[in-house]
Amino acid sequence: MKLMILDGNSIVNRAFYGIRLLSTREGVCTNAVYGFIAILGKLLEEEKPDAVCCAFDLKAPTFRHAEYEDYKAGRRPMPDELASQIPLLKETLDAMNIPRYEQEGFEADDIIGTVSRICEAEGWECVIATGDKDSLQLISPRVRVKLVSTRMGQTEERNYDEAAFTEQYGFPPAGMVDLKALMGDPSDHIPGVPGVGEKTAMDLVRRFGSVSRLYEELESPGIKDSVRKKLSEGRDKAEMSYRLATIDRQVPMEFAPADALRREADKKKLGELFRRLEFFKFMDKFGLNETGEGAKGDPDRPAPETAWIADGKALEELTGRLEAAPFISVVCHPGLEAVAIAEENRVSLVAADDLGDEYDRFLGVLFSNRVKKVSHEVKELMGTLPEAGIPAADGFLFDTALAGYLISATSNSYTLDKLAAAYLSESIPTRDAFAAQGAFSALGDREAAGRAMAAWASAAGRLYGVLSGKLKEMGMTELFSTVEMPLCRVLADMERAGFRVDPKRLREFGEMLSSRIGELEEEIYRIAGGPFNLNSPKQLGEVLFERLGLPAMKKTKTGYSTNADVLDKLRESHPVIPMILEYRQFSKLKSTYADGLLKVIGPDGRIHTCFQMTVTATGRLSSTEPNLQNIPVRTDLGSEIRKMFIPAEGQVLVDADYSQIELRLLAHISKDPVMCQAFLTGEDIHRVTASQVFGVSQDEVTHLMRTRAKAVNFGIVYGISDYSLSQDIGVTVAEARHYIRTYLEKYSGVRAYMKEIVERAKHDGYVVTLMNRRRALPELNSKDHNIRSFGERVALNMPIQGTAADIIKLAMVRVHDRLNREGLRARLILQVHDELIVEAPRDEVERVKTLLVEEMEGVMSLSVPLEADAGSGENWYEAKA
DNA sequence: GCGAATTA
DNA sequence: TAATTCGC
């Protein structure tokens with residue numbers, strides 16, 4: 001029989017320092033518990049012990065403190081982020097039915113020593129899992145030690161039995177105590193013999209076997225005089241150290257190995273705990289995801305009655321109820337082969353195969369404005385419905401993903417199963433359970449898919465109650481229903497419309513780039529003295545800083561930095577540098593833009609980006625597959641790409657953008673008189689800033705001053721640090737700090753705002769935009785100065801950037817609405833944070849320009865005007881005024 | 001500062 | 001995964 005005993009404190013420590021900080025969406029730190037469970041799982045799998053238990057230290061002083069007051073005095077206190085996890089870990093072990101032992105006056109090691117002694121006595125094999133070497137002294141024919149370490153989230157371990165130990169140390173395990181008695185252990189504050197280090201101590205233990213023998217034979221000629229002197233002077237210390245280092249194997253505790261025999265975990269408790277800690281991976285691993293009693297948040301709630309709608313009569317009844325219900329929730333199979341509809345306490349499954357033509361008619365009613373629906377990822381649903389002949393789905397009350405995002409904008413996913421776990425304490429299948437291909441084909445398992453869809457529909461309906469309550473408490477109901485929900489339709493339409501590109505010109509541009517890239521490559525290899533992979537920063541670094549001997553200025557984690565900043569400083573040092581910079585620019589344009597865009601042109605000759613509504617922490621949208629929000633504009637060559645974005649035949653592109661929206665919002669929010677004045681009189685804000693910061697009149701502002709002032713404005717808006725600002729404008733950190741200080745002296749309203757917003761954020765734990773969009777800021781309470789500073793910059797920046805996001809989103813909803821209402825054929829096709837692009841029939845251009853400017857400027861009335869400029873043209877480059 | 005894409 | 005570069 002085999003027992004495994006874990007050194008709880010030691011392993012949780014390794015886990016904590018070996019895994020980056022993780023926390024739940026409510027900010028509870030979980031990395032140490034997570035790591036502990038991962039390690040435990042691995043150990044159990046490898047060792048398959050018959051019994052498992054865990055030993056912990058207690059805070060109370062031990063017999064060792066009585067012996068030696070400095071004992072462990074030098075230990076750094078446990079960080080709060082770890083201390084808070086210890087109770088969670090103990091709760092986890094309890095739920096797993098793994099006994100834990102702790103004893104006042106003793107350390108975990110003593111408990112381990114005692115447990116292992118009892119095991120030996122009873123003929124059990126004992127495996128000690130720990131991160132510390134202290135336990136190595138316990139090794140015997142029946143006792144092994146597994147030394148656990150974690151590196152970059154990977155668990156590594158070394159096994160020590162008698163043979164392995166003796167091979168490594170050159171003496172038997174018991175000598176470990178003698179070794180420590182001589183060399184000491186700074187981490188435990190065991191003094192050892194002064195002047196005797198590891199080398200000497202190892203040698204002495206190997207030769208004499210033990211401290212007592214050593215002192216008996218102290219006069220032996222084999223000991224150097226200097227060492228003999230140290231030993232004889234340090235005898236007291238050696239003896240005390242010996243006692244401190246010796247593990248007490250006689251802790252008074254009731255223990256029998258059979259007490260720790262493995263038992264099944266308490267699935268209910270463990271499931272609840274893992275849900276709370278958001279350990280969804282472990283839930284699968286521990287089999288806690290089956291819909292059983294243990295998985296339900298509310299055991300009193302009866303499972304909803306689920307039925308397939310198999311005939312016309314049942315369908316008719318359902319249809320009748322839908323229009324009468326205050327709301328229902330809907331989940332669709334991605335191919336629309338089936339839908340699940342949850343009412344208050346029943347779920348109906350409707351499959352295309354069962355109903356023929358009636359199914360399509362049913363979908364028509366279901367997705368009309370007459371049926372009020374809750375669903376998940378409404379924009380995506382709106383994107384698939386046109387394929388089923390429903391181009392204008394309507395009547396969506398609530399999107400659970402969007403609500404989840406507004407409630408906590410910094411989570412990394414808002415899948416329905418995660419929302420159900422977080423807000424209903426309920427475990428439901430993931431989307432794969434029904435979204436897989438072919439669930440509704442002849443060979444598919446439609447029952448299983450139906451069950452999963454029913455679970456989703458039912459959860460979505462209940463999430464509506466919970467999440468809408470939270471939105472209301474947080475004051476975001478209006479933002480949700482006047483901005484985010486309506487935006488689903490706007491974005492779905494924009495995605496479907498797409499942006500036409502000119503593939504011929506794009507290809508030609510790519511070919512031009514290719515040939516220049518080829519020339520550059522050849523020339524660079526010739527100068528560098530041989531070919532290498534230019535796209536590999538690692539190889540480039542080696543060539544530049546080793547082969548060519550250029551001075552390396554910056555390093556990255558893995559080697560030399562070769563970014564544009566670094567290379568630019570080396571521009572004059574070697575003729576190859578400008579070529580590399582040019583190569584970089586060209587290959588970026590070619591791979592990301594020329595080739596990248598060609599790959600995603602649809603059969604309609606247009607590019608359909610996908611707007612993400614739940615990604616950014618500030619409330620902005622993001623754009624993927626492809627990202628149309630980072631099409632080049634800054635350089636002449638890059639902006640060529642914009643000439644390939646064109647309108648449909650007979651149409652024109654209209655482009656409108658906000659002028660300085662973020663700085664205007666800063667002026668409005670901070671009420672800074674100087675900044676407000678600048679915007680009210682229509683001055684050049686960067687010039688004004690330069691004149692303020694450099695203390696000159698506006699006509700005396702030089703180009704360099706304006707550029708730097710612009711960077712400072714930019715820095716304030718994006719919340720960058722003094723360090724990043726110094727990098728940006730190429731001055732020292734001290735100088736950058738000086739600019740910021742002067743800036744805040746001149747714009748004293750901004751300084752006051754900064755102070756106030758940080759204080760409020762600290763108090764509330766979050767910041768909000770003008771429309772009450774929220775971002776939580778746990779960073780402000782960090783003990784790490786860098787993290788706290790980051791939190792402070794976010795506190796300043798998010799209300800500004802987030803309000804800009806609110807404003808343009810509302811403008812989009814209104815523009816979309818007005819284009820439709822006024823019967824125009826013009827369509828919104830793209831948003832780039834402060835810019836809207838509309839494709840308009842030639843004869844609508846002027847009306848559309850006016851409409852865009854009116855709606856964009858009229859979103860809100862602030863203490864400074866919101867200004868938008870519109871232009872038009874035959875391509876994006878031309879249209880951007 | 002953030003987010004996306006490409007490349008090794 | 002890390003480094004780089006594009007946009008706002």
Side-chain angles (χ1 to χ4, degrees), chain A residues 20 152-154 409-410 412 532-542 554-568 580-597 599-600 609-635 637-639 641-642 657-663 665 710-725 727-728 775 779 786 789-802 804-805 808 830-836 876 880:
Chain A
R20 75 190 164 83
M152 320 272 284
Q154 283 296 304
T410 44
N412 41 27
F532 61 96
N533 191 340
L534 244 179
N535 288 318
S536 160
K538 183 171 174 288
Q539 291 183 39
L540 178 62
E542 280 159 16
K554 227 170 75 182
K555 292 198 121 195
T556 62
K557 277 178 218 158
T558 52
Y560 308 106
S561 172
T562 65
N563 67 29
D565 251 35
V566 172
L567 296 186
D568 210 57
I580 293 169
L581 283 164
E582 197 186 351
Y583 172 88
R584 282 255 174 96
Q585 191 198 350
F586 277 59
S587 70
K588 175 83 183 181
L589 286 175
K590 174 151 171 66
S591 63
T592 306
Y593 300 108
D595 298 351
L597 291 175
K599 266 190 274 185
V600 289
T609 188
C610 190
F611 290 104
Q612 310 295 316
M613 304 180 74
T614 60
V615 170
T616 70
T618 54
R620 278 183 174 181
L621 298 174
S622 81
S623 153
T624 58
E625 286 177 281
N627 182 354
L628 290 188
Q629 293 182 324
N630 72 344
I631 302 302
V633 69
R634 272 183 33 244
T635 64
L637 187 69
S639 57
I641 296 280
R642 295 196 173 214
D657 69 345
Y658 281 111
S659 148
Q660 306 292 356
I661 186 166
E662 275 111 349
L663 286 174
L665 287 168
K710 191 174 169 182
V712 179
N713 276 330
F714 179 87
I716 296 284
V717 163
Y718 286 117
I720 67 175
S721 60
D722 45 13
Y723 171 76
S724 315
L725 178 64
Q727 292 293 301
D728 266 19
R775 168 162 181 184
E779 293 89 351
N786 283 330
S789 301
F790 168 73
E792 287 168 10
R793 293 196 301 273
V794 169
L796 168 71
N797 158 255
M798 185 276 175
I800 297 169
Q801 205 183 110
I808 196 157
L830 193 62
Q831 184 248 50
V832 190
H833 308 309
D834 65 351
E835 172 185 10
L836 295 178
W876 191 359
K880 186 151 173 130

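This structure is a prediction, so every number in the text was calculated from the model and none was measured. We name chains A, B, ... by the order of the sequence lines, and we start the count at 1 in each one.
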Between [X] and [N], does any side-chain N or O lie under 4.0 Å from OP1 or OP2?
X: Thr556(A); N: dA3(C); answer: yes
X: Ser561(A); N: dT4(C); answer: yes
X: Thr592(A); N: dC6(C); answer: no
X: Thr624(A); N: dA4(B); answer: no
X: Asn533(A); N: dA8(B); answer: yes

Using a cut-off of 4.0 Å on non-hydrogen atoms, how would the nucleic acid contact of [X] be classed: base, sugar-phosphate, or nothing?
X: Ile631(A); answer: sugar-phosphate
X: Lys557(A); answer: sugar-phosphate
X: Ala617(A); answer: sugar-phosphate
X: Val717(A); answer: nothing
X: Ser623(A); answer: sugar-phosphate
X: Thr562(A); answer: sugar-phosphate
X: Glu625(A); answer: sugar-phosphate
X: Asn563(A); answer: sugar-phosphate

### Query
At their closest point, which heavy atom of Leu830(A) faces which heavy atom of Leu628(A), and how far apart are they?
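Minimum heavy-atom contact is CD1-CB, 3.8 Å.
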Of the candidate nucleotides [options], which contains the atom at the shortest distance from the side chain of [X]?
X: Asn630(A); options: dT5(C), dA4(B), dG1(B); value: dA4(B)
X: Thr616(A); options: dA8(B), dC8(C), dG3(B); value: dG3(B)
X: Arg584(A); options: dT4(C), dG7(C), dA4(B); value: dT4(C)
X: Ser724(A); options: dG1(B), dC8(C), dT5(C); value: dG1(B)
X: Ser591(A); options: dT6(B), dA2(C), dG3(B); value: dT6(B)

### Message
I want to check something: taking the side chain as every heavy atom from C-beta on, are Tyr593(A) and Asn630(A) in contact at a cut-off of under 4.5 Å?
### Response
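Heavy-atom side-chain distance check passes, below 4.5 Å.
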### Query
With distance as the sole criterion, do the side chain of Arg620(A) and the base of dC8(C) form a donor-acceptor contact below 3.5 Å?
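Flag set: donor-acceptor pair detected.
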### Query
On a plain distance test, is the side chain of Tyr718(A) in donor-acceptor contact with the base of dC8(C) below 3.5 Å?
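Looking at the base of dC8(C), it does pair with a donor or acceptor on the side chain of Tyr718(A) (distance under 3.5 Å).
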### Query
When you check the side-chain N and O atoms of Arg793(A) and Ser724(A), is any donor under 3.5 Å from an acceptor?
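No, no side-chain donor-acceptor pair sits under 3.5 Å.
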Rounded to the nearest angstrom, tell me the gap between atom [atom1] in [X] and atom [atom2] in [N].
X: Lys588(A); N: dA8(B); atom1: NZ; atom2: P; answer: 14 Å
X: Leu567(A); N: dT5(C); atom1: CG; atom2: C1'; answer: 12 Å
X: Phe790(A); N: dG1(B); atom1: CZ; atom2: P; answer: 8 Å
X: Asn627(A); N: dA4(B); atom1: CG; atom2: P; answer: 7 Å
X: Leu534(A); N: dT4(C); atom1: CG; atom2: C1'; answer: 14 Å
X: Gln801(A); N: dC2(B); atom1: CD; atom2: C1'; answer: 7 Å
X: Ile716(A); N: dC8(C); atom1: CD1; atom2: C1'; answer: 17 Å
X: Gln539(A); N: dT4(C); atom1: CD; atom2: C1'; answer: 16 Å

Short question: side chain of [X], backbone of [Y] - any donor-acceptor pair under 3.5 Å?
X: Thr609(A); Y: Pro626(A); value: yes
X: Thr635(A); Y: Gly638(A); value: yes
X: Gln539(A); Y: Asn533(A); value: yes

### Query
Quick one: does NZ or CZ of Lys554(A) land under 6.0 Å from the six-membered ring centre of Tyr560(A), within 45 degrees of the ring axis?
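That pair does not qualify as a cation-pi contact.
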